[in-house]
Structures are given as C-alpha cells and as structure tokens.
Peer 1: 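Below you will find the structure I want to go over with you.
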There are 2 protein chains.
Amino acid sequence: MQKRSEDTGSVPATAATLPVTVDIVALTVRSGRLQVLVVERGIPPFAGRSALPGGFVLPGETLETAAARELAEETGIVPPGHMEQLRSYGPYGRDPRGPVLTVAYLLLAPSSGLPQAGGDTADATWVPVEEAAPADGGGPVLAFDHDRILADGVERARAKLEYSPLATSFCREEFTIAELRAVYEAVWGTRLDARNFHRKATDTPGFLEPTGRTDASGPGRPAELYRLAPGARPSAAVLHPPLLRPRRP
Amino acid sequence: MQKRSEDTGSVPATAATLPVTVDIVALTVRSGRLQVLVVERGIPPFAGRSALPGGFVLPGETLETAAARELAEETGIVPPGHMEQLRSYGPYGRDPRGPVLTVAYLLLAPSSGLPQAGGDTADATWVPVEEAAPADGGGPVLAFDHDRILADGVERARAKLEYSPLATSFCREEFTIAELRAVYEAVWGTRLDARNFHRKATDTPGFLEPTGRTDASGPGRPAELYRLAPGARPSAAVLHPPLLRPRRP
DNA sequence: AGGGCTTATCGTCGCACTGACGATAAAAGG
DNA sequence: CCTTTTATCGTCAGTGCGACGATAAGCCCT
C-alpha cells in the first residue's frame with residue numbers, strides 16, 4: 001500500500017508521528033431525556049472515572065472503522081443511527097500519557113434495541129447529558145477532555161436539528177410526529193407546542209413522508225406514522241424553513 | 001512532559017502512530033470574488049500541482065501552531081482574521097506516501113495587507129474558488145484530497161455567514177455596510193438587495209456597532225463606518241434573525 | 001351506549017420578518 | 001445648477017410563527 005519512489009517522495013523524517021485515538025459521543029433519547037453513553041475506565045489513566053467510549057486507532061484501521069470497533073467492543077453492538085465526525089482535539093494537554101491526538105465522532109442512535117452494558121472493557125451506561133455535562137462551574141465529570149468533547153457534540157446535535165432531518169436518526173424507521181417532537185424537546189431541553197410543531201414538521205418539504213399506517217399503542221387518538229422522506233440524507237441542510245429552537249429573552 | 005508511572009499508564013504498543021499534517025483553507029474576498037490561497041508544490045508527490053498550503057506537524061507543535069507556521073512559511077506573513085478547525089481527513093487513500101492524517105483549518109482573512117507570494121516552498125497565489133473547485137464533473141484540480149477539503153471549507157464559510165458575524169472577519173477593523181454586503185455576495189455567489197441588506201444588518205442585535213465615522217472614498221454619498229459589536233466573537237451563533245442566503249426554488 | 005379522558009390534527013389570528021421596490025440624502029463632477 | 005452615484009430610509013404585500021381555540025378519534029369507565 002505504501003509506495004516509496006522518486007515519484008511519490010516519502011514522509012520527511014522531521015515529521016511528528018502521533019498516537020491517535022477516536023472518542024465517540026453517542027447520544028440517544030430515552031425516557032424523554034437526551035442521554036450519552038459513558039464507560040467506566042478500568043485501567044489508568046483515570047481508572048474508575050467515567051469517560052466517553054473510545055480508544056486507540058489500530059494500524060491499518062480507518063478512523064470510522066476504529067470508532068465502530070470501539071463502540072462495538074464497549075457496548076456489544078453496532079447500533080443503527082447516524083455517525084459523523086465531530087472534530088479533532090489535542091495532541092497536547094489532554095492525556096497524561098503524553099501527546100495523543102483524538103478524533104471525536106458523534107453518533108445519534110434510536111434507543112430501541114440499544115444494549116445497556118457489556119463488552120470487555122468496563123460497564124457502559126446511558127446517563128442524561130445534564131449529569132455528565134454540568135452547565136455550572138462544577139468540576140470536571142469525565143476523564144481526559146471529554147467534558148468539552150461532550151459539550152461540543154451536544155451543541156452540534158442541537159444545532160443540526162434546526163436545519164437537517166437528523167432528528168429522525170433518534171427514531172425508529174417509522175415514527176409519529178409526537179415521537180419526533182419528543183426528540184426535539186429532549187435534545188433542546190425545551191417544550192414545544194404540539195400543534196405548531198405538527199404543522200411545521202408536516203409542512204416542511206423534503207422532510208417527512210406519511211406511510212399510511214397509524215400507531216394506536218398509546219392513549220388518545222391514533223397517530224399517523226411517518227418516515228424520513230426518500231432521498232433525504234440525515235445530515236445535509238435541507239430543512240426550509242428551518243425548525244428554530246425557541247429563543248431566550 | 002510525558003510521565004510514565006503506575007498512575008498514568010502508557011500508550012499501548014498496539015496503537016498506531018501516524019504522521020499528521022495540517023492543511024489550511026485560507027479564504028479572502030478580493031475584487032468581489034471569493035478567493036482561496038493555493039501553493040504550487042515544489043516537491044513530490046504532486047510536484048508542480050496546485051495544493052492548499054500545509055505540511056507536517058513537527059514534534060512538540062500544536063495543530064494551531066503548525067497551521068500558523070505553515071501559513072507563515074508559504075505566504076510570508078501571519079494574516080489577521082479568523083481561524084477555526086474544519087475537520088480531519090484520512091489517514092488512508094489520500095497521500096501516495098502512505099497513511100497520513102490531516103487536520104484541515106479554515107482561515108477567513110481580510111484582503112488588505114495580504115502578501116501575494118513569497119516563502120521558501122513555492123509560489124502562493126490567490127485564485128477564485130470557482131477555478132479551484134469545479135462544481136461540474138471536471139477532473140480534480142488540487143493535489144491530494146484538497147478539492148474535497150476546499151469544498152468543505154467553502155461550504156462551512158457559506159453556512160456560517162448565515163448565523164454568525166463571521167463575515168466581518170473578511171473586513172478591516174472598520175467597514176461600511178456595502179463592504180460587508182460585498183462579502184456576503186462574494187461568498188454566497190449571489191446578488192443581494194442593498195436596501196434590504198442594510199436593514200437586516202443594522203437591525204440585527206449584537207451584530208454591528210456604528211463608529212460615528214464615515215467613509216467618503218468612493219463615489220456617491222459617504223457611508224457610515226461600523227465595527228463588529230463588542231463582545232461578539234466572530235464564530236458563535238448570535239445572529240437573530242439569521243441572514244439566510246436566497247433559495248433556489 | 002354514553003360520558004369523560006387523552007392525544008392527534010386542523011384552523012384562526014396577530015405579529016414579525018422578508019423581498020420587491022419607491023423615495024430621499026449626500027457626496028462628486030460637469 | 002444639474003446629473004450621476006451610492007447610501008439610507010419607507011412602504012407594502014406575502015409568509016412563517018407563536019398562542020391558542022376547535023374538532024377528531026381512540027381508550028376506559030359505568
């Protein structure tokens with residue numbers, strides 16, 4: 001795979017070579033709250049502390065592959081949902097073992113069929129993001145610089161819900177408007193008017209597609225079931241007008 | 001800097017170690033067009049081809065430091081403006097020398113005081129992004145995967161202008177509404193109504209602050225000079241209502 | 001069967017924002 | 001003074017949105 005000839009040149013000897021890790025901000029919506037997957041570290045550094053799932057990239061591995069592998073190792077399954085790169089952090093001042101570059105990934109997954117724990121590393125549990133990301137000046141909660149990575153991931157998710165169909169990644173294949181609204185409310189931490197949300201969600205072109213089926217599991221009038229409109233990728237800014245989160249003042 | 005003890009553990013021997021580069025998508029607005037800084041490569045691979053400025057991270061260097069150093073080496077100056085991380089690419093399938101991880105940065109700089117070329121590597125020139133990023137199915141223009149990185153950077157810039165004061169990073173300290181509008185028109189590639197833009201820009205709270213001075217250099221009525229409102233960081237989504245780019249329908 | 005409860009869905013109204021575009025202000029150059 | 005040019009201010013109709021009323025369609029209970 002690695003050619004060394006006059007045509008391609010070679011990596012200069014002065015170039016730094018860095019160990020690279022991937023960390024995953026895995027988010028889901030359970031019991032009406034936005035929750036993040038954290039693992040309890042079994043080995044130093046930060047043994048016994050909570051951390052985002054992740055680990056070192058192995059030789060020959062793609063970053064995405066490494067992220068999926070670490071997630072599978074620590075949660076026992078490859079969940080459905082949407083994964084995208086968040087950004088990179090480091091390499092200095094974030095790992096006591098020395099310079100380590102990490103590439104963070106953001107996973108948005110439906111809560112159905114998600115395992116609670118398992119794997120060989122340590123216990124993996126879902127915790128509400130407020131517990132893992134204190135907004136006030138409380139001390140750090142997660143190991144390494146994972147507090148900041150989590151905050152960046154949550155903010156990315158909150159922002160992307162406004163102008164992308166990404167919220168559907170938290171839902172099953174088919175879902176009701178109320179379930180979709182619960183996703184927005186959980187991620188944004190706000191309450192939304194059911195009637196206005198219904199209007200906006202169904203009126204936005206290229207967002208939802210009715211399946212014709214209904215869901216009568218809960219109390220009250222059965223709800224129409226929808227799926228993501230065909231051709232709409234979970235990412236990509238296609239929501240016009242956007243679904244803006246309510247303002248403060 | 002690098003402690004090795006029972007408390008911190010050490011990087012596992014199985015971890016991959018990768019050479020890391022930084023690449024910079026440096027954008028500016030000159031002659032009413034969005035332009036990107038490209039260098040002509042002097043050494044293999046891709047010798048003679050155009051590429052984004054960038055290079056290998058040196059030992060002990062921060063990614064941001066490396067980005068600033070490469071930019072200084074290849075353009076001869078540290079320009080003002082706003083720099084933020086774009087994302088990471090690789091490490092496979094993007095460099096014929098082997099696996100190389102690159103972290104791309106986005107720089108938005110005013111055109112005033114920007115050098116044309118210089119440095120020890122090769123000539124650095126500003127070229128309109130349409131020439132360096134063919135929207136149609138034309139072949140690749142830049143070396144490595146820099147076509148994609150450039151496209152991602154331009155899209156990031158276009159999106160951020162909508163909800164952040166980032167457009168002011170293309171301007172000098174003080175600027176007129178017309179200059180700011182020219183930035184939006186160049187970045188978005190559209191024409192904007194001068195009267196409506198003036199209303200939206202001046203009415204958006206937390207965006208602009210009048211300086212009281214005027215600029216009478218051009219023809220016509222002298223324009224009020226504005227600066228970025230105090231406390232507003234160039235990034236950060238603070239524009240409400242956002243300045244949305246015109247739609248296609 | 002009918003009344004009450006719950007949730008889903010549809011409608012209405014006023015306000016804010018937008019785009020299209022007219023009107024005025026303030027300079028330079030003839 | 002008049003024309004040209006650009007900046008800035010106003011007007012008006014269409015659209016989207018938040019607040020909230022009204023109706024639909026299930027369930028459970030008696």
Side-chain angles (χ1 to χ4, degrees), chain A residues 32 161-163 171 174-186 188-227 237-249, chain B residues 32 161-163 171 174-185 188 190-227 237-249:
Chain A
L161 287 210
E162 292 192 332
Y163 54 84
C171 301
E174 299 186 1
F175 49 87
T176 67
I177 300 288
E179 288 166 353
L180 187 65
R181 175 168 49 87
V183 167
Y184 278 88
E185 292 180 332
W188 286 347
T190 59
R191 305 241 52 184
L192 298 173
D193 185 274
R195 298 157 290 189
N196 291 335
F197 182 87
H198 187 279
R199 178 184 56 193
K200 293 213 293 191
T202 53
D203 285 1
T204 302
F207 187 16
L208 301 180
E209 182 191 48
T211 67
R213 271 185 295 282
T214 59
D215 171 71
S217 60
R221 172 175 170 177
E224 298 279 329
L225 281 169
Y226 293 81
R227 72 167 70 91
V238 294
L239 253 47
H240 278 277
L243 279 150
L244 296 175
R245 18 182 178 174
R247 301 273 112 221
R248 306 300 162 196
Chain B
L161 287 209
E162 293 192 333
Y163 53 86
C171 300
E174 299 186 1
F175 47 87
T176 67
I177 301 288
E179 288 166 354
L180 187 65
R181 174 168 49 87
V183 167
Y184 277 88
E185 292 180 334
W188 287 346
T190 59
R191 305 241 49 180
L192 299 174
D193 184 274
R195 298 157 290 189
N196 291 335
F197 182 86
H198 187 279
R199 177 184 56 193
K200 293 212 294 191
T202 52
D203 286 0
T204 302
F207 187 15
L208 302 180
E209 182 190 46
T211 67
R213 271 185 295 283
T214 59
D215 171 74
S217 60
R221 172 175 171 178
E224 298 280 329
L225 281 170
Y226 292 81
R227 72 167 69 91
V238 292
L239 254 46
H240 278 276
L243 279 149
L244 295 175
R245 24 186 171 170
R247 300 272 113 222
R248 305 301 164 194

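Below, chains carry the letters A, B, ... as their sequence lines are ordered, and counting in each starts from 1.
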Peer 1: Would you say that B/Leu244 contacts A/Tyr163 through its side chain, given a criterion of any heavy-atom pair below 4.5 Å between the two side chains?
Peer 2: no

Peer 1: Between C/dT9, D/dT8, D/dC12, spot the one nearest the side chain of B/Arg199, thanks.
Peer 2: D/dC12

Peer 1: Can you check the A/Leu244 CG to C/dA16 P distance for me, whole Å?
Peer 2: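 In whole Å, C/dA16 P and A/Leu244 CG are 17 Å from each other.
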
Peer 1: Which of these nucleotides, C/dT9, C/dC21, D/dT8, is closest to any side-chain atom of B/Ala223?
Peer 2: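 Between C/dT9, C/dC21, D/dT8, the one nearest the side chain of B/Ala223 would be D/dT8.
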
Peer 1: When you get a sec, tell me which of D/dT11, D/dG21, D/dG18 is the closest nucleotide to the side chain of A/Arg195?
Peer 2: D/dG21

Peer 1: Could you state the atom-to-atom distance from NZ of A/Lys200 to P of D/dT15 in whole Å?
Peer 2: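 Result: 17 Å.
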
Peer 1: Separation of B/Asn196 atom CG from C/dA16 atom P, in whole Å?
Peer 2: 18 Å

Peer 1: Counting side-chain heavy atoms from CB outward, which of D/dC9, C/dC21, C/dT9 is closest to B/His198?
Peer 2: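 Selected nucleotide: D/dC9.
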
Peer 1: Flag the pair A/Glu162 / A/Leu243 as yes when at least one side-chain heavy-atom distance between them is below 4.5 Å, and no otherwise.
Peer 2: no

Peer 1: Using atom CZ of B/Phe197 as one end and atom P of D/dG10 as the other, report the distance to the nearest whole Å.
Peer 2: 19 Å

Peer 1: Minimum heavy-atom separation for B/Thr204 and B/Lys200, please, with both atom names.
Peer 2: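 It is OG1-O, 2.6 Å.
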
Peer 1: Less than 4.5 Å apart, any side-chain heavy atom of B/Asp203 and any of B/Pro241?
Peer 2: no

Peer 1: Please give, in whole Å, the distance from D/dT5 P to B/Asp215 CG?
Peer 2: 19 Å

Peer 1: Round to a whole Å and report the spacing from OH of A/Tyr226 to C1' of C/dT9.
Peer 2: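 The distance from OH of A/Tyr226 to C1' of C/dT9 comes to 9 Å, rounded to the nearest Å.
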
Peer 1: Detail all sub-3.5 Å separations between protein N/O atoms and N/O atoms belonging to nucleotides 26-28 of chain C.
Peer 2:
none

Peer 1: Rounded to whole Å, how long is the line connecting atom CG of B/Leu192 with atom P of D/dA7?
Peer 2: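 In whole Å, D/dA7 P and B/Leu192 CG are 14 Å from each other.
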
Peer 1: How about B/Leu225 and B/Thr214: do any of their side-chain heavy atoms sit closer than 4.5 Å?
Peer 2: no

Peer 1: Starting at NE2 of A/His240 and ending at C1' of D/dT15, how long is that distance when rounded to a whole Å?
Peer 2: 15 Å

Peer 1: For a quick test of reading the model, state the closest non-hydrogen atom pair linking B/Pro246 to B/Trp188 and the distance between them.
Peer 2: CD-CE3, 4.3 Å

Peer 1: Taking C-beta and beyond as the side chain, do B/Arg213 and B/Arg227 meet within less than 4.5 Å on heavy atoms?
Peer 2: yes

